[in-house]
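Step one of this worksheet: look at the structure below.
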Amino acid sequence: MRKYYLDNLRWIIILVLFPYHTLLLYSSIGSYYFHVANSAVANAFILSFAPWFMQLLFTVAGIATYYSLKRRDSQEYLKERVTKLLLPTVAGVLLVIPISVYYGYLYSGYTGSFLSLWLTIFTNPLYYLENGIILGPLWFLLYLFLISLVALPIIMKYKNSQWRIPLEKVTIPKLLLLIIPLAIGNFFLNLYPEKSMVQFFLLFLFGYFLLSDDGVQEKLEDNRWPLFISFLAITIVYLVITLPTIDSAGNAASASSFSLETILYLILLKIFVNSILWLGVLSVMGMGKHYLEFKNKITLYLSAASFPIYIFHIVWINLFAYYIIGWIPSLMALQVILIMALSFVFTIATIEVVRRIKGMRFLFGIKG
């Protein structure tokens with residue numbers, strides 16, 4: 001039976017990207033392509049979601065892979081990963097992200113043409129890749145594709161073996177111990193700034209092997225409020241500790257030398273942040289299972305359109321931010337509202353246009 005709450009969690013998290021990437025422009029933490037202001041409210045919003053919400057998508061992807069491989073063989077699964085993840089990533093890098101870069105550069109004083117910038121990007125791709133410009137938010141689709149490739153042989157070997165994880169013995173305290181490998185994994189393979197391939201790989205595997213089980217999902221539902229209250233509590237502590245340490249350039253205060261104390265501090269900080277991550281994943285899943293197990297025309301549409309929304313949203317956020325900030329430069333709240341609302345409407349309109357062009361919809365993994 002299809003788990004509609006997982007579909008609903010996916011599109012809800014992706015819709016969070018509209019306020020997230022809009023407010024990122026106003027934060028001192030960083031942004032995609034241009035920076036407008038240093039707002040404490042924007043910083044608080046970003047820090048509240050950054051530790052866990054994209055991580056939840058990787059976990060849900062692992063669970064979805066469990067159900068997908070029940071009705072597909074490995075070759076069909078790989079084909080679906082190529083058409084849904086790899087091809088849209090390539091198309092997005094070539095056709096979508098450069099537009100986002102262009103409006104960011106215009107805001108920063110760039111005076112050249114779009115074609116000139118496009119040619120510059122793709123005649124020196126390694127520079128723009130290293131600086132995170134050429135991928136932008138499409139890092140998620142590329143990471144998920146690569147993780148799916150690496151995880152598939154492990155999954156197939158497990159499916160073909162006689163040994164099974166005793167899922168009936170999985171308890172909430174045992175699940176919470178997974179904070180430790182997540183914290184350790186966070187140090188490795190940060191191929192994209194502050195985004196560990198190892199950590200996302202572990203989340204994908206935890207989703208497939210553990211959280212896909214009905215019994216485990218029921219335990220999360222039964223314990224949703226203790227998990228969620230714990231998640232909120234440590235998130236508040238994190239904000240109280242972290243917000244005052246962020247300077248106007250978005251840098252958190254840190255020790256300048258790598259002493260034993262510094263290393264221990266970094267390890268404890270990683271464990272703390274990964275506690276937010278894992279409690280966020282577990283508690284939101286528990287809440288979702290209890291409150292989001294439903295479907296209607298809107299939820300089914302948003303579920304089907306979730307990845308295309310992910311691909312196109314950043315273009316419209318940057319475009320409207322560039323013009324709206326110029327039109328009403330002193331009204332931040334109104335700017336944010338207009339950027340979010342207009343970018344959402346135009347993102348959906350873009351999907352509907354692309355859907356009607358056969359070759360284009362294939363490139364972006366959109367069903368007709």
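Residues Asp214 and Lys289 are not paired through a salt bridge, judged by the lack of any N-O separation under 4.0 Å between the basic side chain and the carboxylate. The pair Arg2-Asp7 meets the salt-bridge criterion, since a charged nitrogen lies less than 4.0 angstrom from a carboxylate oxygen. A salt bridge links Glu352 with Arg355: the closest approach of a Lys/Arg side-chain nitrogen to an acidic carboxylate oxygen falls below 4.0 angstrom.
Using bins of under 30°, 30° to 60° and over 60° for the plane-to-plane angle, the ring pair Trp139/Tyr143 lands in the perpendicular bin. Ring geometry for Phe122 versus Trp118: interplanar angle of 30 to 60°, hence tilted. The aromatic rings of Phe18 and Phe344 sit perpendicular, their planes meeting at an angle over 60°, well past the 30° parallel limit. Ring orientation note: the planes of Phe346 and Trp316 are tilted relative to one another, at an angle of 30° to 60°.
Cation-pi geometry between Lys84 and Phe307 is met: the NZ or CZ atom falls under 6.0 Å from the ring centre, inside 45° of the normal.
Rounding to the nearest 0.5 Å places CD1 of Ile229 at 12.0 Å from CG of Leu279. Distance CH2/Trp52 to OG/Ser283: 7.5 Å, rounded to 0.5 Å. Interatomic distance, Leu23 CG to Met332 CE, rounded to the nearest 0.5 Å: 6.0 Å. With rounding to the nearest 0.5 Å, the separation of CG in Asp213 from CG in Leu167 is 4.5 Å. Separating the CG atom in Asn318 from the OH atom in Tyr323 is a distance of 12.0 Å, to the nearest 0.5 Å.
In this structure, the side chains of Phe209 and Val170 stay at 4.5 Å or more apart for every pair of heavy atoms.
Annotation for Ile298: atom CD1 does not count as buried by contact number, only 12 or fewer foreign heavy atoms lying within 6.0 Å. More than 12 heavy atoms of other residues, nucleotides or ligands lie within 6.0 Å of CD in Glu168, so this atom counts as buried by the packing criterion. The environment of Phe362 atom CZ is sparse: at most 12 non-hydrogen atoms of other residues, nucleotides or ligands sit within 6.0 angstrom.
Remark: the backbone N or O of Ala37 is paired with a side-chain donor or acceptor of His35 at under 3.5 angstrom. No donor-acceptor pair under 3.5 Å is formed between the side chain of Arg81 and the backbone N or O of Leu146. Counting only distance, with no hydrogens or angles, the side chain of Asn296 and the backbone of Thr299 share a donor-acceptor pair below 3.5 Å. Checking side-chain atoms of Thr123 against main-chain N and O of Leu119 turns up a donor-acceptor pair under 3.5 Å. The closest donor-acceptor contact from the side chain of Asn43 to the backbone of Ser28 lies under 3.5 Å.
Side-chain contact, Gln217 with Tyr5: a donor N or O sits under 3.5 Å from an acceptor N or O.
Among the candidates Trp327, Tyr110, Tyr103, the single residue satisfying the ring pair (Phe, Tyr, Trp, His ring centres under 6.0 Å) test with Tyr322 is Tyr103. Of the candidates Phe145, Tyr208, Phe206, Phe200, Phe200 is the only one forming a ring pair (Phe, Tyr, Trp, His ring centres under 6.0 Å) with Phe58.
When hydrophobic clusters are built by joining Ile, Leu, Val, Met, Phe, Trp and Tyr residues whose side-chain heavy atoms come closer than 4.5 Å, directly or via intermediates, Leu268 is not grouped with Leu277.
Annotation: Phe49 is in aromatic contact with Phe45 [ring centroid separation under 6.0 Å].
Shown here for Pro88 and Ile311, the closest heavy-atom pair between the two residues is CB-CD1, 3.5 Å.
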